[in-house]
Amino acid sequence: RARQHVEAEEFRDWALKRLNSLIPYDAALWGTGNLISRKFHSITAVNLPSEYTQALEATQDINPILPAIIKNTGTAVAMSDLMTDRKFHASELYKTTFEPYNVERILSIAHTDNRSGITTLLSLYRFDKANKFSKAEKLLQQHASYHLVNSASHFFFMHLSDQTGEKLRGRAAICDSEGHFYEAQPKLLDLLQEKFPDWRGNKLPFELPATGEEVVINDLHVKTEPLGELLSVRIWEPSPLDQLTERESEIVEGVSQGLTFKEIGKRMGLAPSTVSNHLYRVYRKLNIYSRSGLAKIVHGNSDNNP
């Protein structure tokens, strides 16, 4: 069977439809947010109107399923595990949040990264009261959701790279203006733990620089760019390659890809001899004498790329 190509921005919708073949449902919600803010910043819904999410957030303080799944992350919980059908249907929660959208059965799971505070909620809904979620379906949701959450993060940063039209430099995260995480690559969290031993997670251990400004903090380069209402944050360790100009960096990238001077020149609109002269200056700056020496520096710096 041929592999199906899925665009990054369509991944969650595609994944939820595939999940429906494992666990039949009538509606679903996949929301991601920060444990501190308790708000979704990214939402994918199937067969639910946009106002449903607002209703869910407005009644979270009286929704027993939310503290249950946060306390037991990675474990699927059905509403029927927490209250009887009679109590559920008599509750304000049912009447204001679920009944208007025909929701009768709920199976939810949360995954929280303790270092970043990023929390993902995946809820499946059925409109038929008689169609309860089974124990086997709970186990299926637990197994499948773990892989879906990790895959979604990978696809998110792939999509971000596609949007910028360039290779992402450094390790990346998405934060609000106060530095709370909304997406974060594991390697970025590893680097923060290494450089800030007293860091306890959930937000960046330093104040964010102004957007577009590159600063050095604890020997780490930090740069932020606007991303809607949030900020894209890049963090990388210093490298000899940092001293190169933009044109020199582009030539180094071409050489690393095995391109000839003629091919690099065609890409950049330069004569092959000009490319050669730029590469010679790169060698002098980096105190190297060959392409093999350049390859060692480039590959040594590859850890700074996602």
Side-chain angles (χ1 to χ4, degrees), residues 12-13 15-16 19 23 25-127 129 132-133 137-138 141-142 145-146 148-149 152-153 156 174-184 201-203 228-230:
R12 290 190 179 200
D13 185 68
L16 283 175
L19 184 61
I23 310 170
Y25 61 77
D26 298 306
L29 176 74
W30 183 338
T32 303
N34 187 278
L35 193 58
I36 295 176
S37 67
R38 299 177 69 189
K39 288 185 178 295
F40 296 123
H41 75 89
S42 177
I43 299 168
T44 300
V46 176
N47 295 336
L48 290 168
S50 58
E51 59 266 24
Y52 172 77
T53 304
Q54 298 171 1
L56 193 63
E57 288 186 341
T59 55
Q60 60 181 307
D61 289 335
I62 60 172
N63 189 342
I65 209 166
L66 293 178
I69 60 176
I70 294 299
K71 183 179 179 181
N72 301 283
T73 58
T75 300
V77 177
M79 184 66 79
S80 58
D81 296 332
L82 304 174
M83 62 172 70
T84 63
D85 288 353
R86 176 177 293 184
K87 184 176 179 181
F88 174 58
H89 288 100
S91 69
E92 178 187 352
L93 175 67
Y94 172 74
K95 293 175 181 177
T96 60
T97 306
F98 298 116
E99 186 178 27
Y101 305 101
N102 301 314
V103 172
E104 295 291 335
R105 294 295 174 188
I106 305 162
L107 182 63
S108 296
I109 192 167
H111 290 274
T112 298
D113 185 302
N114 292 326
R115 294 190 297 176
S116 66
I118 298 170
T119 299
T120 298
L121 169 70
L122 180 58
S123 292
L124 306 180
Y125 305 108
R126 285 176 177 164
F127 300 157
K129 179 181 176 182
K132 291 185 177 182
F133 287 102
E137 288 172 330
K138 290 181 184 180
Q141 190 192 37
Q142 289 174 193
S145 63
Y146 172 82
L148 292 181
V149 169
S153 180
F156 175 85
I174 307 302
C175 301
D176 62 17
S177 59
E178 296 181 353
H180 295 119
F181 293 110
Y182 284 82
E183 292 283 355
N202 290 322
K203 62 180 295 187
E229 296 180 353
L230 300 173

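All values below were derived from every heavy atom in this structure, side-chain atoms included, with hydrogens, water molecules and symmetry-related copies excluded. The chain is numbered in sequence order, starting from 1.
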Next item on the list: Report, as yes or no, whether the 6.0 Å neighbourhood of atom OH on Y146 holds more than 12 heavy atoms from other residues, nucleotides or ligands.
Entry: no

Note to self: side chain to side chain contact (heavy atoms under 4.5 Å, CB included) for L19 and L122? Distances and angles first, verdict last.
What the structure shows: CA-CA 11 Å; L19 184 61; L122 180 58; 4.0 Å; yes

Next item on the list: Before giving the answer on side chain to side chain contact (heavy atoms under 4.5 Å, CB included), spell out for R12 and S42 the whole-Å C-alpha distance, their side-chain angles and the decisive distance to 0.1 Å.
Entry: CA-CA 10 Å; R12 290 190 179 200; S42 177; 3.5 Å; yes

Next item on the list: Using the side-chain contact (heavy atoms from CB on, under 4.5 Å) rule, pick out the option among I106, L107, D26 that qualifies with R126.
Entry: D26

Next item on the list: Taking all heavy atoms of S153 and all of A184, pick out the closest pair and write down the distance.
Entry: OG-O, 4.3 Å

Check: With sequence neighbours excluded, what pairs up with Y52 under the ring-ring contact (aromatic ring centres under 6.0 Å, His included) test?
Finding: Y101, Y125

Notebook entry, point to check: How would you list all residue pairs meeting salt bridge (Lys or Arg N to Asp or Glu O under 4.0 Å) that involve residues 27-36, not counting sequence neighbours?
Noted result: none

Notebook entry, point to check: Have E99 and H89 got a donor and an acceptor in their side chains that come within less than 3.5 Å?
Noted result: no

Note to self: More than 12 heavy atoms of other residues, nucleotides or ligands under 6.0 Å from CD of E51: yes or no?
What the structure shows: yes

Next item on the list: Please list all pairs passing the salt bridge (Lys or Arg N to Asp or Glu O under 4.0 Å) test where one or both residues lie in residues 86-97, with sequence neighbours left out.
Entry: none

Next item on the list: Check L82 against A68 and note the closest heavy-atom contact, atom names and distance.
Entry: CD1-CB, 4.0 Å

Check: Any side-chain heavy atom of N63 within less than 4.5 Å of one from T97?
Finding: no

Next item on the list: Quick one: pull up OH in Y182 and CG in D176 and give me the separation to the nearest 0.5 Å.
Entry: 4.5 Å

Checklist line | Residues which pass side chain to side chain donor-acceptor pair (under 3.5 Å) with R105, listed by chain and number, not counting sequence neighbours | finding: D85

Next item on the list: Mark yes when over 12 heavy atoms from residues, nucleotides or ligands other than K132 sit less than 6.0 Å from its NZ; otherwise mark no.
Entry: no

Checklist line | L16/Y25 under side chain to side chain contact (heavy atoms under 4.5 Å, CB included): CA gap, chis, key distance, verdict | finding: CA-CA 10 Å; L16 283 175; Y25 61 77; 3.6 Å; yes

Next item on the list: Of all the heavy-atom pairs spanning L93 and P64, show the shortest one and how long it is.
Entry: CD2-CD, 3.7 Å

Item checked: K138 backbone acceptor or donor facing Q141 side chain under 3.5 Å -> no

Note to self: Can you tell me how far apart CD1 (I43) and OG1 (T53) are? Round to the nearest 0.5 Å.
What the structure shows: 4.0 Å

Check: So F98 and F88, would you call those rings parallel, tilted or perpendicular, with 30° and 60° as cut-offs?
Finding: tilted

Notebook entry, point to check: What distance do E183 atom CD and H41 atom NE2 have between them, rounded to the nearest 0.5 Å?
Noted result: 5.0 Å

Checklist line | S108 to L121 - nearest heavy-atom pair and separation | finding: CB-CD1, 4.2 Å

Which pairs would a plain distance check flag for residues 109-119, meaning a side-chain donor or acceptor within less than 3.5 Å of a matching protein atom at least two apart in sequence or in another chain?
unit_1: H111; atom_1: NE2; unit_2: S145; atom_2: OG; d: 2.8
unit_1: T112; atom_1: OG1; unit_2: T119; atom_2: OG1; d: 3.1
unit_1: D113; atom_1: OD1; unit_2: R115; atom_2: N; d: 2.9
unit_1: D113; atom_1: OD1; unit_2: S116; atom_2: N; d: 3.1
unit_1: R115; atom_1: NH1; unit_2: D190; atom_2: OD1; d: 2.7
unit_1: R115; atom_1: NH1; unit_2: Q193; atom_2: OE1; d: 3.0
unit_1: R115; atom_1: NH2; unit_2: D190; atom_2: OD1; d: 3.3
unit_1: S116; atom_1: OG; unit_2: I118; atom_2: N; d: 3.2
unit_1: T119; atom_1: OG1; unit_2: G117; atom_2: O; d: 3.4

Margin query: Under the salt bridge (Lys or Arg N to Asp or Glu O under 4.0 Å) definition, can you give me all pairs with a residue in residues 65-80, not counting sequence neighbours?
Written below: none

Notebook entry, point to check: Are L148 and T120 close enough that some pair of their side-chain heavy atoms sits under 4.5 Å apart?
Noted result: no

Check: Where do L124 and E137 land on the side chain to side chain contact (heavy atoms under 4.5 Å, CB included) test, with the steps shown first?
Finding: CA-CA 11 Å; L124 306 180; E137 288 172 330; over 6 Å; no

